[in-house]
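Position 1 is the first residue of the sequence; numbering continues from there. Just the heavy atoms: all of them, side chains too, but no hydrogens, waters or symmetry mates, feed the values below. Atoms within a ligand are numbered from 1 in the order they appear, just like the ligands themselves.
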Amino acid sequence: MTDKLLITQEDGIATLTLNMPDLRNPITDTDVVEEICAAMDWLNSDQSIRCAILTGAGKAFSSGGNLKHMRDKEGIFNGDAIAVRNSYRAGIQRVAKAVWSVEVPMIAAVNGPAYGAGCDLTLFCDIRIASETAVFAENFVNVGIVSGDGGSWILPRQVGLSRAAEMAFTADPIDAETALAWGLVSQITPPEGLMDAAMNMAKRIARNPPRQLRLTKRLMREGTNSTLDQVLELSAAYQGAAHQTQDHAEAVSALLERREGKFNGT
Ligand SMILES: CC(C)(COP(=O)(O)OP(=O)(O)OC[C@H]1O[C@@H](n2cnc3c(N)ncnc32)[C@H](O)[C@@H]1OP(=O)(O)O)[C@@H](O)C(=O)NCCC(=O)NCCSC(=O)/C=C1/CC=CC=CO1
């Protein structure tokens with residue numbers, strides 16, 4: 001482990017901070033990839049975690065692919081077309097899959113620029129809250145490459161085909177106001193209020209029954225690639241299980257007794 005991904009946890013909320021601020025938090029170095037994937041595994045296995053926040057240290061959320069490594073054909077960019085293709089599979093593509101399929105709700109607290117793979121990393125989270133200083137750029141063509149990290153799959157799902165095309169073809173960054181208008185973020189805050197806003201939302205999520213949060217997220221993920229019939233079938237199965245839980249009984253009692261429910265994941 002290095003200190004390129006900082007992890008803290010409090011009251012069931014994990015905060016993950018990309019931590020290479022001098023380079024604006026690029027995310028393609030092998031150790032960064034491994035740390036992000038390991039963190040997602042941990043979020044899945046630690047049932048005490050109810051919600052996670054992902055942010056960047058310093059001025060940027062993430063500058064995406066490491067341009068210095070690209071320039072020097074270093075690390076994952078070293079080798080012929082086959083080698084680079086395999087590096088993508090073993091690297092950033094695992095990050096995309098791990099973040100997209102992480103079981104707990106994940107909020108991206110976008111504290112500054114999010115470029116290329118950094119932009120897509122925010123999109124694989126469930127919710128995005130932006131600082132006024134956030135900008136989003138799907139700027140792969142501007143670097144002379146394509147989005148090898150699943151951006152062409154996730155961006156149209158988040159902003160629609162037309163706006164995704166505009167972002168990907170122009171490579172122009174969009175500011176926080178535009179991101180809000182396009183539905184890419186749900187909230188804008190002053191820079192100093194960003195983490196409080198993200199924590200506030202995380203707490204509102206984390207006060208709900210934890211197993212049901214994970215199942216709800218899984219159903220929504222399944223919904224992106226399934227028919228209505230398939231989702232109804234799966235949700236009936238999950239619902240059958242949910243109705244048997246103590247947390248369900250506690251939630252119903254709490255609502256009827258006009259009090260806050262206390263949930264323990266059973
Ligand atoms: C808008 C910026 C992100 C931030 O601007 P600013 O705060 O003014 O910071 P700078 O002065 O520009 O930069 C500070 C130092 O950081 C270095 N740096 C910045 N970005 C990168 C990067 N991506 N890789 C390596 N180093 C980076 C910069 O050179 C400065 O270093 P020195 O102090 O030594 O000079 C702005 O920095 C910016 O626009 N950065 C480029 C963003 C970008 O285009 N990223 C690539 C997108 S494409 C992509 O993500 C590609 C892949 C490819 C590989 C695999 C998988 C997926 O993605």
Would the number of heavy atoms belonging to other residues, nucleotides or ligands and lying under 6.0 Å from CD of Gln230 be above 12?
yes

Between Arg221 and Asp126, does at least one N-O distance fall below 4.0 Å, as a salt bridge requires?
yes

Heavy atom to atom 57 (C) of ligand 1, shortest distance: which of Gly118, Pro173, Ala117 holds it?
Ala117

Ligand-residue contact atoms, ligand 1 with Thr28, heavy atoms, under 4.0 Å
54 (C), 55 (C), 56 (C)

To the nearest 0.1 Å, how far is atom 24 (N) of ligand 1 from its closest protein heavy atom, and which atom is that?
Leu67 N, 2.8 Å

Stepwise side-chain hydrogen bond (donor to acceptor under 3.5 Å, both in side chains) test for Asn66 and Asp29
CA-CA 7 Å; Asn66 189 322; Asp29 296 14; 3.1 Å; yes

Pair Thr245, Gln212: side-chain N/O donor-acceptor within cut-off below 3.5 Å:
yes

ILVMFWY cluster, Ile107 and Leu213 together (side-chain gap under 4.5 Å):
yes

Starting from Ile127, can I reach Trp100 by hopping between I/L/V/M/F/W/Y residues whose side chains sit under 4.5 Å apart?
no

Hey, which atoms in ligand 1 end up nearer than 4.0 Å to a heavy atom of Ile145?
51 (C), 52 (C), 53 (C)

Looking at atom 27 (C) of ligand 1, would you say a protein heavy atom lies below 4.0 Å from it?
yes

To which of Tyr115, Phe140, Phe61 does the heavy atom nearest atom 1 (C) of ligand 1 belong?
Tyr115

Atom 9 (O) of ligand 1: closest protein heavy atom, distance to 0.1 Å, is Arg24 NE, 3.0 Å

If you have a sec, work out which protein heavy atom is nearest atom 16 (O) of ligand 1 and how many Å separate them, to one decimal?
Asp22 O, 3.1 Å

Select one of side chain, backbone, both or neither to describe which atoms of Met70 lie under 4.0 Å from any atom of ligand 1, heavy atoms only.
side chain

Does the protein come close to atom 33 (O) of ligand 1 - that is, does one of its heavy atoms sit below 4.0 Å from that atom?
no

Which residue supplies the protein heavy atom nearest to atom 44 (O) of ligand 1, what is that atom called, and how far is it?
Asn139 ND2, 2.9 Å

Examine the side chains of Asn264 and Thr266 and answer whether a donor and an acceptor come within less than 3.5 Å of each other.
yes

CE (Met199) and SG (Cys51) are apart, to the nearest 0.5 Å, by 9.0 Å

Regarding ligand 1, does Asp149 bring an N or O atom to under 3.5 Å of one of the ligand's N or O atoms?
no

Which atoms of ligand 1 are found less than 4.0 Å from any heavy atom of Phe77?
54 (C)

What do you think, any protein heavy atom under 4.0 angstrom from atom 12 (O) of ligand 1?
no

N/O separation below 3.5 Å, Lys68 to ligand 1:
yes

Given Ser147, Pro113, Ser62, which has its nearest heavy atom closest to atom 3 (C) of ligand 1?
Pro113

Nearest non-hydrogen protein atom to atom 45 (N) of ligand 1, with distance, is Ser63 O, 2.7 Å

Which atoms of ligand 1 sit under 4.0 Å from any heavy atom of Gly64?
50 (O)

Please say whether more than 12 non-hydrogen atoms of neighbouring residues, nucleotides or ligands are located less than 6.0 Å from CG in Asp11.
no

Please confirm whether Val135 approaches ligand 1 to less than 4.0 Å, judged on its heavy atoms.
no

Do the side chains of Glu34 and Arg94 get close enough for a salt bridge, i.e. N-O under 4.0 angstrom?
yes

Heavy-atom nearest neighbour in the protein, as seen from atom 56 (C) of ligand 1, with distance rounded to 0.1 Å:
Ile92 CG2, 3.3 Å

Check the surroundings of atom CZ in Arg85: do more than 12 heavy atoms from other residues, nucleotides or ligands lie under 6.0 Å from it?
no

Would you say Ser48 and Asp46 are linked by a side-chain donor-acceptor pair, where the criterion is simply a distance under 3.5 Å?
yes

